[in-house]
Each structure stands twice: as C-alpha cells, then as structure tokens.
Number of protein chains: 2
Amino acid sequence: MAGVKRGSKIAEAIAQDILSQICDGGLTVGSQLPSETQMLADYGVGRGSLREALRILEVHGIIRIKSGPGGGPVVTGATTRDFGRMATLFFQASGITFREVIDARLVMEPVIARLAAQNCDREQREGLLAARTSTESDDAYLKTSANFHRRIASMSGNRILNLISHAIEDIFHERVVGMLFPPEKRDDVVDAHDAIAEAITSGNADEAERLMRDHMAEYARYVEARYPALVDEVVAWH
Amino acid sequence: MAGVKRGSKIAEAIAQDILSQICDGGLTVGSQLPSETQMLADYGVGRGSLREALRILEVHGIIRIKSGPGGGPVVTGATTRDFGRMATLFFQASGITFREVIDARLVMEPVIARLAAQNCDREQREGLLAARTSTESDDAYLKTSANFHRRIASMSGNRILNLISHAIEDIFHERVVGMLFPPEKRDDVVDAHDAIAEAITSGNADEAERLMRDHMAEYARYVEARYPALVDEVVAWH
DNA sequence: AAGCGATATCTATGCGCATAGTTATACGAG
DNA sequence: CTCGTATAACTATGCGCATAGATATCGCTT
C-alpha cells in the first residue's frame, strides 16, 4: 500500500466538485442540481465519466437522480444510515462481524452518555426527560427506544461521534429490523432509560456512563441469546 | 429521508458482487481480478455499468485498476486511510471542521488506551514497550510517534474502533503532513508515551486513560496554537 | 373537482467505434 | 548482462445511436 497513489480519475474529481458546490452553494435537501445534459456541457466531459461521478455521490446518499421532466440529480443529504452503509463496505472487506459491531456499541454508548452528561444544554435536558420510552405497543416501543439513544448521541457535543454512534447502531438495525425486547423485559428497559436520562440531565457523568454500560451489556447479552448465529456473521454491504 | 429508498442500480449490485467475490474467494492484496472484457462477458452488462461499479470500488480503495497487458482490477485491500477518506465525504457534507476531528480524537484515544490496558496480550505488551518514540531525527520522530498511537489502537480488541481511531487520525495527518512537535517538546512527548505504555502494559486502565487524555489535550492545545485557522476549516474530501 | 390517459422529458443502460495513455514483455544493440 | 526501443495488451475517455423505464404535466372525461 505504501507506494500506491490514489489516482484522481475524472469521475472522482467531478464528484468532489459537485460535492463542493452542494456544500458551498448553500444547497439543501431537495435542491435540484443541473440536469445531466447541462452538466455534460458545464464540465465538458463524456456522459460515462459524469455518470460515474454521479454514481459515486449517489451510492453515498449525497444525491438521488430523478428521471422525467425536471429531472436530474437532487440533493438528498447523507444520513448516518448512509455513513453506516459505506462503513459496511469496509467492514465486509475486513471480515468484521456483528459481534464487533455490538462490542463497538458497548464501548461507544457509555462514552457518549458521559459526554452527554457533560455537554448537554437545558433544552436538550428537557427534551431527554420528556422523551420517555413507551411500552404501549411494539411500534411505539421501537420508535421511542431508538429515539432515546439517538437523542443522547446528539447531545454528545461532537458531530463525528454522533455520526459514528448512529452509524454503528444503524448497521445493526438494518440487518435486524424491528428487534423487540420481549414485553416482560421492556419495563426494565424503560427503567434503565429513565435512570440514564436522570443521570445525564443531572450532570452525573460517571453515573450516566456506568448505567449505560450496564444497559448496553444487557442488550448485548440479549442479542447474543436471541441471535446466536447472527453475531458471528460478517457484516455485508448491501 | 424517511421515504427515500436506496435504489439498487446495476452498478451498485455489481460492485457488491465483486466485493463478495473478493471477500469469499480468499483473494488477497495483489490478487488479480478478471479483466474488464472478461467481466463484461461474465456479467452480461454494458461497459458503462461495469465501469461505474469498478469506480465505486476503486474510490473506496478496494481495488486499483491496472492498464497494460495482464491489466484489469487488482485487489488493494482498503486501509484505514481509505475509510478516513470516505468519512471526509460525509464530514464535508455535514460541514464538520478539523476541530471536531481533533475533539473526536480527544475522546477516542483515551478510550482506546483504556481498552488496550484491559485487552492486550503478552506479545502486544512487549511490542509496545519495545516501540519507543525516537527523537533522533524528524523522520524518526514522525514515524515512531504515529506508530505509537497505531499500535495502541491495534490493541483495543475491536477492529471497528481500531478502524475509526486510525481513520480519524489519518484524516488530520492527510491534511497536515509531517506535523512536528518542536524539538524541545519532544522529550515531553516521549515521556508521555512511555508513561502511557507503562500504564497499559501493567494493566492500569484508569491510569492509561488519564495519561492519554492529558497527552491528547496537550496535543490539541498545540495544534490549536500552531494551526489556528486550520481548526475551523471544514474537512474536505479529496 | 377528481381521475385517467396521452405526451413530453428526462435518466438508465447497452452497443459500437474511436483516440489516447499506460504498462508488461520481447527483442536487439552495446 | 544491461539498457533502450518497439510492440502488444490493456484501461480511460469521448462520441453517437438506440431502446426502455420513470415521472411530471396537460388535456379530456366523468
């Protein structure tokens, strides 16, 4: 690897330029980029090269290409899910298993909780306390439970850690859609969430970290018991 | 984003298939994949679609495309640098600055040091103790200093965290090549590295974490003082 | 007003041809 | 044996043409 230089192909250069235009041009989700025909004229390249560039951006979730009148690339704004998807490409290449994904969460979530306890502002505190995990229905449980963790990650004060934390979680939940704790265990989850929220909002970083570590360890044990084959499965990109 | 479905284009499907073949076929760095012409026959698609697929893999560092006789895609094996590069695409899209990169390191490295203290085996311990940071020359300093951190990340016991830690560091060092602490401060760095190594190898996780946190805080202060404009610069993909 | 069908406009993909650049290999000269 | 050159084999990129699919818009009918 040492001597291998990253070749800058036309497609990559165009993709980078388009990305810069999106970022520097104040474009937001839903913004329409010039059509392919217009871009061909603007960049003075062949259709193939432009298609390659657009595909790179599309596969990262930066744009979506709309066909039909008024069509062309539309800014979609990459999500943590997109980041997680791209990460799975690397994970697959490295043979990384879901066990490692869960283990990484085991490490990251307590750290995030500690940071949240140290960094959150008043509005975030109020939001966290208000966002109780619901056991009313399976749907409500799934939604509010995931929202709990995402909210904490958002409070960490660092967008990179937020992104990574979300992405790791997304990777798992893309593979196992709608993983439900059994109903009789959900009250325990709610209690754990509440205790964590209490620790975070009262600024008790040590306690937040400890409680989250315990909570995630419980989660990891449950996943291992519920999906024993899955945890040794290599993460695949798709 | 909720309703936006990731369209699976031909190019992406082929890229995924090629990646699976690389991973499942026991191919290693340097392995030659079939030539473009052969792949066109194998997949029964147009050259443009295949080119798009190969470009996706190439931009991620999975393959390199060799021209000339015996040419075609060659497995390169993605590095943490490649992962870091892809991450910068997302960081740019999010407007993430180098300050946040450094802050993320501030958080990750102490966690990694703690994990290393908890997880390393005897061989790793011996390796870490033997790998002293050299102040003999600028080159030696750069090399051994970076190697110190990489070695610790490798000892964390989790490849994802290893990958992320490396990638975050690579992002910064791709932007600032050969960042040198001034010679009069290097002995301090060496002392810090030695103390961290001692804590890790004696299994003192708390101490390892604390020392690394102090060390990284010093590093962050130095970077801020040395590159005040850089830290507020948005990370760019290139 | 709402729904349906037709039309226009775009992208998605394939095909064939072309020039240009890169690189491995073979051959000849010193 | 070594070095330089020529050749062959590959990719990189552009161009033009074609069919097919997706989607927005407009007009007509109910």
Side-chain angles (χ1 to χ4, degrees), chain A residues 1-18 21-22 27 29-76 238, chain B residues 1-18 21-22 27 29-76 238:
Chain A
M1 292 295 92
V4 177
K5 180 180 178 303
R6 160 72 52 217
S8 183
K9 302 283 173 71
I10 281 196
E12 195 172 334
I14 295 173
Q16 287 167 358
D17 191 69
I18 293 173
Q21 284 183 42
I22 293 173
L27 301 183
V29 176
S31 296
Q32 185 89 20
L33 297 184
S35 71
E36 181 180 292
T37 309
Q38 183 64 43
M39 281 190 172
L40 289 176
D42 292 345
Y43 285 107
V45 295
R47 170 170 286 164
S49 298
L50 178 64
R51 286 271 169 85
E52 288 178 24
L54 293 174
R55 192 69 70 235
I56 290 170
L57 293 175
E58 190 184 36
V59 84
H60 284 85
I62 305 289
I63 60 171
R64 169 178 63 95
I65 303 183
K66 207 165 77 163
S67 60
V74 181
V75 178
T76 47
H238 46 55
Chain B
M1 292 298 91
V4 177
K5 178 178 180 302
R6 160 71 54 214
S8 183
K9 302 284 173 68
I10 281 195
E12 196 171 335
I14 295 173
Q16 287 167 357
D17 190 70
I18 293 172
Q21 284 184 41
I22 293 173
L27 301 183
V29 175
S31 297
Q32 185 87 21
L33 297 183
S35 71
E36 180 179 292
T37 310
Q38 185 62 45
M39 281 191 172
L40 290 176
D42 292 345
Y43 285 107
V45 296
R47 168 169 287 163
S49 298
L50 178 63
R51 284 270 169 85
E52 289 178 21
L54 293 175
R55 192 71 69 235
I56 291 171
L57 292 176
E58 190 185 36
V59 84
H60 285 85
I62 304 289
I63 60 171
R64 169 179 63 97
I65 303 183
K66 206 165 82 166
S67 60
V74 181
V75 178
T76 47
H238 46 55

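Residue numbering restarts at 1 for every chain, and letters A, B, ... go by the order of the sequence lines.
Scanning all heavy atoms of the two residues, the minimum distance from B:Leu54 to B:Ile18 falls at CD2-CD1, 3.9 Å. Here the closest heavy-atom approach between residue B:Pro34 and residue B:Pro73 is recorded as O-CD, 3.2 Å.
Pairs of residues two or more places apart, or lying in two chains, that qualify as salt bridge (charged side-chain N to carboxylate O under 4.0 Å, His left out) and include a residue from residues 30-43 of chain A are A:Glu36-A:Arg47, A:Glu36-A:Arg51.
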Contacts under 3.5 Å, N or O only, protein and nucleotides 21-26 of chain C:
unit_1, atom_1, unit_2, atom_2, d
C:dT23, O4', B:Ser67, O, 3.3

Under 3.5 Å, which protein N or O atoms sit close to an N or O of nucleotides 4-7 of chain D? Give each pair with its distance.
none

Step by step, work out the salt bridge (charged side-chain N to carboxylate O under 4.0 Å, His left out) result for B:Arg55 and B:Glu52. CA-CA 5 Å; B:Arg55 192 71 69 235; B:Glu52 289 178 21; over 6 Å; no
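Proximity of a side-chain donor or acceptor of B:Glu12 to a complementary backbone N or O of B:Ala53 within less than 3.5 Å is not detected. Under the 3.5 Å distance criterion, the side-chain polar atoms of B:Ser35 are left unmatched by any main-chain donor or acceptor of B:Gly72. With A:Thr76 contributing its side chain and A:Gly61 its backbone, the two residues share a donor-acceptor pair below 3.5 Å.
Rounded to a whole Å, the CD atom of A:Glu36 is 13 Å from the P atom of D:dC15. As rounded to whole Å, 15 Å separates atom P of D:dC10 from atom CD1 of B:Ile65. We find that CZ of B:Arg55 is positioned 9 Å from C1' of D:dT11, with the value rounded to whole Å. One interatomic measurement links the two molecules: CE of A:Met39 to C1' of C:dC10, which rounds to 14 Å at whole-angstrom precision. Between B:Gln38 atom CD and D:dT11 atom C1' the separation is 16 Å, expressed in whole Å. Rounded to an integer number of Å, the gap from CD1 of B:Ile10 to C1' of D:dG21 is 12 Å. In this structure, the CD atom of B:Glu12 is 14 Å from the C1' atom of C:dA12, given to the nearest Å. In this structure, A:Glu52 places its CD atom 17 Å from P of C:dT11, rounding to the nearest Å.
Annotation: proximity of residues 41-50 of chain B to DNA chain C (heavy atom, distance under 4.0 Å) is found for B:Val45, B:Gly46, B:Ser49, numbered in ascending order.
No side-chain heavy atom of B:Val74 sits under 4.5 Å from any side-chain heavy atom of B:Leu33. Counting heavy atoms from C-beta outward, A:Lys66 and A:Arg64 have side chains that approach closer than 4.5 Å. Between B:Ile14 and B:Leu50 the shortest side-chain heavy-atom distance falls below 4.5 Å.
Partners of B:Ser31 under the side-chain contact (heavy atoms from CB on, under 4.5 Å) rule, at least two apart in sequence or in another chain, are B:Leu27, B:Thr28, B:Val75.
For B:Ser35, the listed nucleotide lying nearest its side chain is D:dC10; candidates were C:dT11, D:dC10, D:dA12.
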